[in-house]
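Reading through the structure tokens given below for one structure.
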Amino acid sequence: MIDLRPVAHPIGRILTVLGAFMLAPMAVDWWHGDPHWEVFLQSSALTMVAGLLVSTATAGRYDHLSLHQAFLLTSGIWLVLPLFGCLPFMLGMPNATFTDAMFESMSGFTTTGTTVFPALDDLARGIHLWRAILHWAGGLGIVVVAMVFLPVMKVGGMQFFRSEGFDTLGKVLPRAGQIAGEMTRLYLILTGACLVTYLLLGMSGFDAVVQAFSTVSTGGFSNYDASFGAFLGPAEWAACVFMVLASIPFIRMVQLMRGQARPLWRDTQVRAYLRWIAYACIIILLYRVLWLGQTGDPEELLRETVFNTISTFSGTGFASTDMTGWGHLSLTVLIICGLIGGCTGSTGCSVKVFRYLVLFEAVRAQIRRMQSPHRVYPLRYDGHPLEQDVVDSVMAFFTLFFLTFGLLIVGLSLTGLHPRTALTAAWTAIANIGPVWGPEITPNGSIAEFPTSAKWLMTLGMFLGRLELVSVLVLLLPRFWRA
């Protein structure tokens, strides 16, 4: 029998913090005379009471977390928090069903950024701030999960990153606090720098907070129907910088803060990520200019291409223009970018650059073995040898990811969605990206017109994709509960 107390206790404490976060949008609505502040007060009270009851009932000293408990904790956090995070939407918005509220909350916590609300410009300031807080909390949470829990659980090759000084086996909870402290400090610095930059570039205080929270978390929620199109100009270049910073390994930036710059500059994953971004921007820009004949202000064309490409690649999901007018090749390149995603150990989404590098290395070694069957070709990544269990774990992840992606496309198609809508909805959900393209999409890019079944399928896809699939699917095995 699995002892659930070490799992429930931290979830209860995190719920209490989540309830405290709800007081910020409550204060904003109260200050502006919006009666919606009462909804946040009620939601905060319910969440904090639930969190305090759970944490008090399971109080104790937990220095050890078993592998089974680690799996349950990671999945439990991303199920329970969105459930309580949807309360302000469900209680305060008459037209929002539980399905819509849960979808929006899951989209926020998983930093996907797809919205179910068809008119963002009409929402209360508190709701906009709460959506941004969901992003910000989810972005920080996924970095801690990637650095603490996934290496222990050997999910998708993440055990390789235990060699980076995060050997947490058998002492997850004490190390979680230490690592979370390091990551939180870095996260706060990035958020503050992004916020100040946006203010200096002319954004209002409220707009800067919302966009900064969404940028640093690579989430993509905006408080305008036009998304980042409301801030054309230098703010787009600034957003590009912070989206890239948020999607490279946080451990490298922590090392940089300690005065160790070499690991960042020499990181194979970072170099590949920046190189692939450049390739994608060049291909799209040349196609738009030479094939589609889209000319005009060169700086505007370059800025538009770079911003939206980085936004898709990092999984942020901001949009400053309608990308469906960029032609089929451009959209294909953007879909490929989304299926690659950011770097491991960042707020970035999708498969991650690290896994593609391992895949390419394994394919290259296999081709060499075919040419010289008797030679041994050791696999290496970033100068370190790759153990076979890391390679096997990465291959298993690829198989599960694209199998789930295909099943999501089929499932969404069966709900009646247009094939292109089903494809991009499955893509944006499983890879936690944000934009969906198709005839059922509203002018502001929301999925408000989707059937209820399609919204739940996307909610499931976002949940699976954010937690690296394996850490969730293993809970469905009877052996897991018998162990």
Side-chain angles (χ1 to χ4, degrees), residues 82-83 85-86 88-90 93-123 127-128 130-132 134-135 138 214 218-229 308 311-312 315-319 321-324 331 334-335 338-339 349-350 404-405 407-466:
L83 189 61
C86 77
F89 304 132
M90 192 168 56
M93 304 183 69
N95 298 325
T97 63
F98 173 67
T99 297
D100 292 341
M102 189 64 182
F103 180 94
E104 196 77 8
S105 183
M106 184 66 77
S107 181
F109 269 114
T110 58
T111 70
T112 302
T114 308
T115 185
V116 78
F117 298 139
L120 296 176
D121 290 345
D122 300 332
L123 297 181
I127 288 291
H128 284 307
W130 180 237
R131 293 166 78 239
L134 292 179
H135 267 344
S214 293
T218 61
F221 276 157
S222 178
N223 52 327
Y224 293 98
D225 286 324
S227 188
F228 218 84
N308 289 280
S311 179
T312 304
T316 308
F318 280 138
T321 187
D322 182 8
M323 289 173 281
T324 57
L331 292 181
L334 290 175
I335 288 174
L339 291 175
C349 65
S350 197
T404 308
F405 180 35
L407 290 174
L408 265 180
I409 295 173
V410 173
L412 289 167
S413 298
L414 292 176
T415 66
L417 295 179
H418 186 277
R420 183 174 68 171
T421 311
L423 169 65
T424 56
W427 166 74
T428 206
I430 194 67
N432 307 117
I433 301 168
V436 183
W437 302 307
E440 293 91 346
I441 305 303
T442 64
N444 75 330
S446 83
I447 62 156
E449 304 299 325
F450 277 28
T452 298
S453 55
K455 293 174 183 176
W456 279 112
L457 280 173
M458 288 187 68
T459 301
L460 176 62
M462 291 186 288
F463 174 65
L464 290 173
R466 186 75 276 188

Notebook entry, point to check: Hey, what do you get for OG1 (T424) to CD1 (I441), rounding to the nearest 0.5 Å?
Noted result: 6.5 Å
Next item on the list: Compare every heavy atom of E440 with every heavy atom of E449, then report the nearest pair and how far apart it is.
Entry: CB-O, 3.6 Å
Notebook entry, point to check: Is there a donor-acceptor pair under 3.5 Å between the side chain of T316 and the backbone N or O of G219?
Noted result: no
Check: Distance from K455 atom NZ to T97 atom OG1, nearest 0.5 Å?
Finding: 5.5 Å
Next item on the list: Could you tell me whether a side-chain N or O of W437 sits under 3.5 Å from a main-chain N or O of L423, the two making a donor and an acceptor?
Entry: no
Check: Distance from H135 atom NE2 to T218 atom OG1, nearest 0.5 Å?
Finding: 8.5 Å
Check: Under the criterion side chain to side chain contact (heavy atoms under 4.5 Å, CB included), which of L417, T415, L407, T452 is the partner of L457?
Finding: T415
Margin query: H128 vs L120, test: side chain to side chain contact (heavy atoms under 4.5 Å, CB included). Steps then yes/no.
Written below: CA-CA 8 Å; H128 284 307; L120 296 176; 4.1 Å; yes
Item checked: Polar side-chain atom of S214 near backbone of F221 as donor-acceptor pair, under 3.5 Å -> yes
Next item on the list: Over 60° means perpendicular and under 30° means parallel, so classify the ring planes of F117 and F89, tilted if in between.
Entry: perpendicular
Notebook entry, point to check: Which atoms form the tightest heavy-atom contact between T111 and R466, and what is the distance?
Noted result: OG1-NH1, 2.7 Å
Notebook entry, point to check: Of the non-hydrogen atoms in I433 and C349, which two are nearest, and what is the gap between them?
Noted result: CG1-SG, 4.1 Å
Next item on the list: Could you pull out the closest heavy-atom pair between I409 and A426, with the gap in Å?
Entry: CG1-CB, 3.5 Å
Next item on the list: Kindly give the heavy-atom pair with the smallest separation between L334 and T312, and that separation in Å.
Entry: O-CG2, 3.4 Å
Next item on the list: Kindly say whether P435 contributes a backbone atom to a donor-acceptor pair with the side chain of T428 at under 3.5 angstrom?
Entry: yes
Next item on the list: First locate atom CG of L123, then atom CE of M93, and finally report the distance between them rounded to the nearest 0.5 Å.
Entry: 4.5 Å
Note to self: Taking the side chain as everything from C-beta on, heavy atoms only, tell me whether L83 gets closer than 4.5 Å to F98.
What the structure shows: yes
Notebook entry, point to check: Between OG of S105 and CZ of R131, what distance do you get to the nearest 0.5 Å?
Noted result: 11.5 Å
Notebook entry, point to check: Counting only N and O atoms by type, is there a donor-acceptor contact under 3.5 Å from the side chain of N432 to the main-chain atoms of M462?
Noted result: yes
Note to self: Rounded to the nearest 0.5 Å, what separates atom CG in N444 from atom CG in D121?
What the structure shows: 8.0 Å
Next item on the list: Identify the heavy atoms of T421 and P439 that sit nearest to each other, and give their distance.
Entry: OG1-CD, 3.2 Å
Margin query: Please check this pair: side chain of S350 against backbone of A431, looking for a donor-acceptor N/O pair closer than 3.5 Å.
Written below: no
Check: Is a side-chain donor-acceptor pair under 3.5 Å present for T114 with T112?
Finding: no
Margin query: Less than 4.5 Å apart, side chain to side chain, heavy atoms only: is that true for M102 and P82?
Written below: yes
Check: Counting distance only, does the side-chain N/O of S311 pair as donor-acceptor with the main-chain N or O of F318 below 3.5 Å?
Finding: yes
